[in-house]
Amino acid sequence: MPELPEVETIVQGLRRRLLGRRFTGVQVFWPGALHQVSPEFFRQQVAGRQVLDVARRAKFLVLTLSDGLYMLIHLRMTGQLLLCPALPEERKHIHVAFALDDGTWLYFRDVRKFGRIYWVDDCVEVLGCLGPEPLSDDLSLEAFRARLGSRRGMIKPLLLDQRFLAGLGNIYADEALFQAGLDPRRRVEALDEDEVGRLYEAIRAVLRQGIANGGTTLDDYRDAEGQTGRNQESLAVFRRAEEPCPRCGTIIQRLVVGGRGTFICSNCQR
DNA sequence: AAGAGACCCTGGATGC
DNA sequence: TGCATCCAGGGTCTCT
């Protein structure tokens, strides 16, 4: 599942190949991938437009196109954006394909069809409710503490709430809580100063490591060139139920917290 | 405001 | 072997 580090890796790959390119055509194989626009309108809008910037906000890819228009893409669970020299014969799960002016293709593939492509003239329409970027300089420890201060409830569901903090998903939330030594069921209002500091540092550390490792491939994640990430080798607890904790050897457990599969070391995380 | 549950969707796993 | 059922999982929405 692409989270912040995976989307960042895809963005870096797309940026190299898309900046300055022009879309010459679009094929929509499944209209449901487009958020609130018809395939006809989308095709007509995208064709001829140039890519001025490729960036990331939370788990969204943000393509700035000519004439002040934006294409935003959320990959959700199984979405992929792939660059290739030609449109593959095997079209299964490919929902939208973009032809580029150098003859190559960019296509959107998504087995579970949860991913969406948004077409807007103002990003606020889609990104307006998102919380701060965890790796931004603007999110100091003091700012993080202040945001936590007004909240109550279990810590893990809060970390997954994109309005509170934007970009964490199930993998990096579990890894950050492990690294901070915190049980995901702990109440936010009961965390002491030291614990909040550990959590802040852990969130940033696991995300930075994820980016440095080119993302985590457990199932479907691939970068824009189709390559897997390497961060799965560095995971301490996520999807490691019944394996020993890398820190203390205690067997890692799987729980359900806030409706999400959650992996913890009950000895290291209190 | 928190928390639970439904929904979207499919492949893979499990059960009989 | 084959068919039915269950489940994961991000985000959004509804209900309590």
Side-chain angles (χ1 to χ4, degrees), chain A residues 1-10 29-36 56-62 72-81 90-96 108-118 120 123-131 133-134 146-177 183-191 203 206-207 210 215-222 229 232 235 237-242 252-264:
Chain A
M1 340 132 211
E3 304 179 24
L4 187 157
E6 289 71 37
V7 178
E8 182 63 33
T9 304
I10 293 168
F29 303 109
W30 181 60
L34 307 177
H35 181 81
Q36 293 178 358
R56 179 191 61 74
R57 172 74 173 104
K59 304 177 198 173
F60 286 86
L61 290 105
V62 181
L72 308 183
I73 303 169
H74 198 301
L75 300 169
R76 295 280 180 98
M77 303 287 305
T78 55
Q80 300 174 329
L81 277 172
E90 175 56 64
R91 296 257 179 89
K92 203 173 181 188
H93 306 310
I94 295 178
H95 306 314
V96 183
F108 170 65
R109 185 175 177 272
D110 187 6
V111 172
R112 290 197 187 157
K113 295 184 168 179
F114 283 4
R116 290 293 180 269
I117 300 176
Y118 303 79
V120 293
C123 290
V124 171
E125 291 174 38
V126 180
L127 309 177
C129 292
L130 292 172
E133 285 288 324
R147 285 187 80 75
L148 272 179
S150 59
R151 307 295 290 256
R152 5 186 76 247
M154 290 187 290
I155 183 62
K156 179 173 172 182
L158 185 60
L159 295 181
L160 295 177
D161 184 343
Q162 302 297 298
R163 293 165 300 185
F164 173 71
L165 196 60
L168 278 181
N170 216 22
I171 300 172
Y172 295 95
D174 276 9
E175 291 296 311
L177 287 163
D183 188 302
R185 297 162 292 189
R186 283 283 300 281
R187 313 286 304 183
V188 176
E189 61 272 27
L191 296 179
I203 289 168
V206 298
L207 292 175
T216 301
T217 299
L218 290 169
D219 301 299
D220 302 88
Y221 166 69
R222 300 290 185 279
Q232 57 280 8
L235 299 181
V237 289
F238 191 78
R239 290 237 198 133
R240 293 200 186 279
E242 308 306 321
I252 294 164
Q253 300 173 29
R254 181 183 184 278
L255 321 166
V256 175
V257 178
R260 297 287 175 223
T262 299
F263 299 85
I264 67 160

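Bear in mind the structure is a predicted one, so any value in this text is a computation, not a measurement. We name chains A, B, ... by the order of the sequence lines, and we start the count at 1 in each one.
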Measuring from A:Ile264:CD1 to A:Asp183:CG, what's the distance to the nearest 0.5 Å?
-> 5.0 Å

Base, sugar-phosphate alone, or nothing: which one does A:Met77 contact when heavy atoms must sit under 4.0 Å apart?
-> base

Closest non-hydrogen atom pair, A:Arg76 against A:His74 = N-ND1, 2.9 Å

Taking CG from A:Asp220 and P from B:dT10, how many angstroms apart are they, rounded to a whole number?
-> 14 Å

Determine the contact category for A:Arg187: base if any of its heavy atoms lies under 4.0 Å from a base atom, sugar-phosphate if only primed atoms, P, OP1 or OP2 are that close, otherwise nothing.
-> sugar-phosphate

Looking at side-chain heavy atoms only, is the closest gap between A:Phe60 and A:Leu130 below 4.5 Å?
-> yes

Roughly how many Å is it from NZ in A:Lys156 to P in B:dA2, rounded to a whole number?
-> 18 Å

Counting N and O atoms only, with roles assigned by atom type, does the side chain of A:Gln232 sit under 3.5 Å from a partner on the main chain of A:Thr217, one being a donor and the other an acceptor?
-> yes

Keeping the roles fixed (side chain from A:Arg147, backbone from A:Gly149), state whether a donor-acceptor pair exists under 3.5 Å.
-> no

Have a look at the helix from B:dA2-C:dT16 to B:dC16-C:dG2 and give the angle its two end axes make, five pairs each, rounded to 10 degrees.
-> 60°

Roughly how many Å is it from CD in A:Glu189 to P in B:dA2, rounded to a whole number?
-> 9 Å

Protein-nucleotide distance (A:Leu218, atom CG; C:dA8, atom P), rounded to Å | 15 Å

Main-chain N/O of A:Pro5 paired with A:Lys59 side-chain donor or acceptor, under 3.5 Å = no

Side-chain atoms of A:Arg152 come closest, of B:dA2, B:dC9, C:dG10, to B:dA2

Starting at atom CD of A:Gln80, determine the distance to atom C1' of B:dC9, rounded to an integer number of angstrom.
-> 15 Å

Grab the N/O contacts between the protein and nucleotides 11-15 of chain B below 3.5 Å, and write none if there aren't any.
from: B:dG11; atom 1: OP1; to: A:His93; atom 2: NE2; distance (Å): 3.3

Looking across every strand, which nucleic acid part, if any, lies under 4.0 Å from A:Arg254 by heavy atom: base, sugar-phosphate, or nothing?
-> sugar-phosphate

Spell out, as yes or no, whether a donor-acceptor pair under 3.5 Å connects the side chain of A:Glu6 to the backbone of A:Tyr221.
-> no

Where do A:Ala33 and A:His95 come nearest, in terms of heavy atoms and distance?
-> CB-CB, 4.1 Å

How far does CD of A:Glu242 sit from CD1 of A:Ile252, to the nearest 0.5 angstrom?
-> 9.5 Å

Would you mind reading off the distance between A:Leu159 atom CG and B:dG3 atom P, rounded to a whole angstrom?
-> 13 Å

Measure from CZ on A:Arg185 to C1' on B:dA4 and round the result to the nearest Å.
-> 17 Å

Going through the checks in order, is the salt bridge (Lys or Arg N to Asp or Glu O under 4.0 Å) test met by A:Arg239 and A:Asp219?
-> CA-CA 11 Å; A:Arg239 290 237 198 133; A:Asp219 301 299; 2.7 Å; yes

Does A:Phe114 stack onto the base of B:dC8, taking stacking as ring centres under 5.5 Å apart and planes under 30° apart?
-> yes

At under 4.0 Å between heavy atoms, which parts of nucleotides 11-16 of chain C does protein reach? Answer with one letter per nucleotide, 5' to 3': B base, S sugar-phosphate only, - none.
-> B-----

Aromatic ring pairing A:Phe263/A:Phe238, orientation class (parallel under 30°, perpendicular over 60°, tilted between) = perpendicular

Length of the CG-C1' vector between A:Asn170 and C:dG9, whole Å = 7 Å

Would you confirm whether A:Glu175, through its side chain, and A:Val237, through its main-chain N or O, come within 3.5 Å as a donor-acceptor pair?
-> yes

